[in-house]
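All remarks here apply to the structure that follows.
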Amino acid sequence: MKSDSTDLFGERPPARTVPVMVPVPTPAPYSYAVPEGMAVEPGSIVKVPLGPRFVAGVVWDGGDDGKVERKKLRPIDTVFDCPPLSKEMREFLDWVAGYTLTPPGLVVRMALRAPAAFDPEPMVEGLRPTGHRPERMTPARERVLALTEDGLPWTRSGLAHAAGTSSSVIDGLLAQGSFETVFLPPPPVVAAPDPDHAAPRLEGPQTETAAALVEGVRAGRFGVSLLEGITGSGKTEVYFEAIAETLRAGRQVLILLPEIALTASFLERFQDRFGAKPAEWHSDLAPRTREKVWRQVTTGQVRVVAGARSALFLPFENLGLIVVDEEHDPAYKQEDRVFYNARDMAVVRARIGDFPAVLVSATPSVESRVNADLGRYRKLHLPTRYGDAALPDLHLVDMRRHPPARGGFLSPVLLRGIAKTIEKEEQALLFLNRRGYAPLTLCRVCGHRFQCPQCSSWLVEHRFRGQIQCHHCGYAERTPEACPECGTFDHLAACGPGVERIAEEVERHFPDARTIVLSSDLMGVKRLRLELEAIARGEADIVIGTQLVAKGHNFPLMSLVGVVDADLGLANGDPRAAERTFQLLYQVTGRAGRSGLKSHGLIQTYQPLHPVMQAIVSGDPEAFYEREIGEREKALLPPFGRLASVIVSADSRAEAEAHARGLRQAAPRVEGISVLGPAEAPLAMIRGRHRFRLLVHGRRGSDMQAFIRTMLANGPKERASLQVQLDIDPQSFL
DNA sequence: AGCACGCCGACT
DNA sequence: GTCGGCGTGCTC
């Protein structure tokens, strides 16, 4: 019997081939030859040649279709020394690709986003004391040997540093035989969390709720819980108990957080309970750390990951629980390349892995509420704040009856509130979800409005920077002094307020107060963290902030929250406008009153009778949800879309119209095709090369997928430039 | 997604 | 006469 792969005449026996999912947008895996003697299995991470380069791919399931010409076949280069992707993970990636209509290779790519992590981390060189005394003793040598009396190994630089010597002292001791070189396993990125490190501090309804979650973990089966409770009701402590139980069962945990909520204070709370921090996973992780975390997640060394949405694609060794905190947060939606909602994909991941998922929010998404009402999710409710935290006293300020002074945006009612607050040496927070100085600039002489040359939305003046900017595509120019249309100087008028303009008004009224503006464009993440800490220490009197002040951070001295324009965001065409506004107002007014201070909220609105405003002041979220769910059902919006509705959006409204016409022709039976202009389209679309996208709402997701596939097949020219997003219908994925 | 190839406008 | 824009096509 021959064992050679080649016989005497150079004839090759047919090579074994396997499907390999490569990180490119092909509809199916590619076939590769397996070299003689190479062991691969489904899930193996392999290095394969692809065109002119090498890429990392994953050996996929099923046999090879054998349709590739022999001469095209190329061999797998190497198999990485790395645990293969589990069957579960492969199934999950396939499922996500199918559901989001993304080529599977691009979904797989998300699971391999740690370039150099596929080979084991190198062993670290260490020094172990032998107990042998050197012939000559010096003070430096004494110090080193004193540190190593316990016999444990050290790294060379660590030991030199700890003993306050240079590494040449260590080298001398090594040469004398006082140390021997050993190889140590690479250090873990985080210490192992201990489920019993600190006793949980639970009271009242927290106890039962935690017990319910723990019971779910013990059962070890798929199930979704929606943990709902107002700010300060102790939701985190409650789901920490589910995490503890999962750790006791020896399984890994994933905590998803919106990127902005992944703060030092969250990590510290975790550490207080479990004695160690979770591993972090987010976009601005240092590459080296990123690789270590990825590696140690696949090997199971990392037990808990706290991460942004992309952490969902980490190949865990033995995942046993996913917690989605702030589950309503729009940041869970990715609308770039692969379109998905991490909240819903987390539920799918849990279903495939047959373990529990916990969705957590003070203001759940309407979708999750509907799923809970239908009994798909188990509803867990924490009704009260604990400790001495009281809910703020909320009032609407009817702007028709209490209008601001000419040229201002703050009503006398709110100004009086601020004055009283700072008199008491407490803090006031003014919330306005609009960056910059003014959202629109026009010429008082000819009426010219400054518009973005790239995408035609209004240009926003940023006075601190002396620029006018487009918030959709990032276009910016210096603020001109003259009207570009009629050439008149000094007649440009700023229309409407942004945070910078509110700051100006506040400084006019309270020149002696310490005022600070918090806006994502004015500072990086680090600066922001420092500012937030300074504010918490009481180093500001009046804080003016955009959306970012609504999240997570606690301000113990904050006793007044003023909402400058509560109506903002209700008027755009977003089907979730009311829901978003409700969530935002609820969360931002909840920032006050966390430490027993008597606190107030003043909400400026021109629509005091609007259901969102009524729900906010009545402190009755139930009424809001009930009404909103009814409205959605009537309007056939998510999560109740019964008609197929397709939204086409492009670089210009005219272009979107043209695409929509084509679509109506291609699919005459599809109802509800509507068109969005660029202002409503996300940043990613305009920046990217893709010309338009479809948003699909459908009760029967599979029907919609079939329709889109047909459409793609009919329009070869459009195929290359098409992006599809399924807006999740919760009934189609469970 | 990358990368090469290829066909039309402003410049060393 | 070339450099370089991005449209089109291909990768087992």
Side-chain angles (χ1 to χ4, degrees), chain A residues 5 12-36 38 40-80 85 90 93-94 96-98 100-118 283 287 310 313 334-340 453-455 473 650-652 655 658-659 662 684-693 712-725:
Chain A
S5 60
R12 281 168 194 285
R16 180 163 90 96
T17 63
V18 288
V20 174
M21 203 66 91
V22 285
V24 298
T26 57
Y30 282 174
S31 304
Y32 281 87
V34 183
E36 194 79 11
M38 180 184 278
V40 293
E41 55 179 308
S44 294
I45 301 178
V46 291
K47 182 174 158 193
V48 291
L50 183 68
R53 65 213 153 106
F54 284 92
V55 294
V58 180
V59 177
W60 219 243
D61 301 80
D64 184 59
D65 57 11
K67 283 190 181 140
V68 186
E69 303 150 55
R70 283 285 290 281
K71 61 173 187 159
K72 265 182 135 183
L73 267 180
R74 297 169 76 182
I76 293 174
D77 184 77
T78 44
V79 186
F80 288 106
L85 292 194
R90 291 179 333 256
L93 296 173
D94 262 336
V96 172
T100 61
L101 300 165
T102 312
L106 295 189
V107 182
V108 167
R109 209 173 64 110
M110 297 197 295
L112 301 180
R113 283 248 175 96
F118 310 140
S283 59
S310 61
F313 293 92
Q334 173 155 63
E335 304 197 306
D336 181 34
R337 295 178 181 94
V338 182
F339 291 62
Y340 68 95
Q454 284 169 29
C455 65
C473 68
D651 293 4
S652 73
E655 197 183 333
H659 285 306
M685 192 203 81
I686 291 167
R687 274 209 184 129
R689 312 244 296 279
H690 299 286
R691 309 288 290 183
F692 70 104
R693 65 173 187 161
L712 293 180
N714 291 342
K717 266 205 149 176
E718 282 162 349
R719 187 186 318 194
S721 60
L722 195 96
Q723 287 278 12
V724 176
Q725 178 196 354

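In what follows, every chain begins at residue 1, and chains take the letters A, B, ... in the order their sequences are listed.
- Within residues 22-31 of chain A, the residues having any heavy atom closer than 4.0 Å to DNA chain B are, in order of number, Val24(A), Pro25(A).
- Residues Ile76(A) and Pro35(A) are in side-chain contact: their nearest non-hydrogen atoms beyond the backbone lie under 4.5 Å apart.
- Within a heavy-atom distance below 4.0 Å of DNA chain B, the residues of residues 47-58 of chain A found are Arg53(A).
- Side-chain contact between Thr17(A) and Val68(A) is absent, with no heavy atoms from C-beta onward closer than 4.5 Å.
- Judged as a salt bridge (Lys or Arg N to Asp or Glu O under 4.0 Å), and not counting sequence neighbours, Arg109(A) has no contacts.
- Residues satisfying the side-chain contact (heavy atoms from CB on, under 4.5 Å) criterion with Thr78(A), sequence neighbours excluded, are Lys47(A).
- The distance between atom CG of Leu73(A) and atom P of dC12(C), rounded to the nearest whole Å, is 10 Å.
- Residues Leu93(A) and Pro104(A) are not in side-chain contact: their nearest non-hydrogen atoms beyond the backbone lie 4.5 Å or more apart.
- To the nearest 0.5 Å, atoms OH (Tyr32(A)) and CG (Leu50(A)) are separated by 4.5 Å.
- In this structure, the ring-ring contact (aromatic ring centres under 6.0 Å, His included) partners of Phe313(A), at least two apart in sequence or on a different chain, are Phe92(A), Tyr340(A).
- We find that CG of Asp77(A) is positioned 20 Å from P of dT11(C), with the value rounded to whole Å.
- The CZ atom of Arg16(A) sits 16 Å away from the C1' atom of dC12(C) (whole-angstrom rounding).
- When rounded to the nearest whole Å, the span between CZ of Arg109(A) and C1' of dA1(B) equals 6 Å.
- Annotation: side-chain contact (heavy atoms from CB on, under 4.5 Å) contacts of Ser44(A) (sequence neighbours excluded): Val40(A), Glu41(A), Val46(A), Val59(A), Val79(A).
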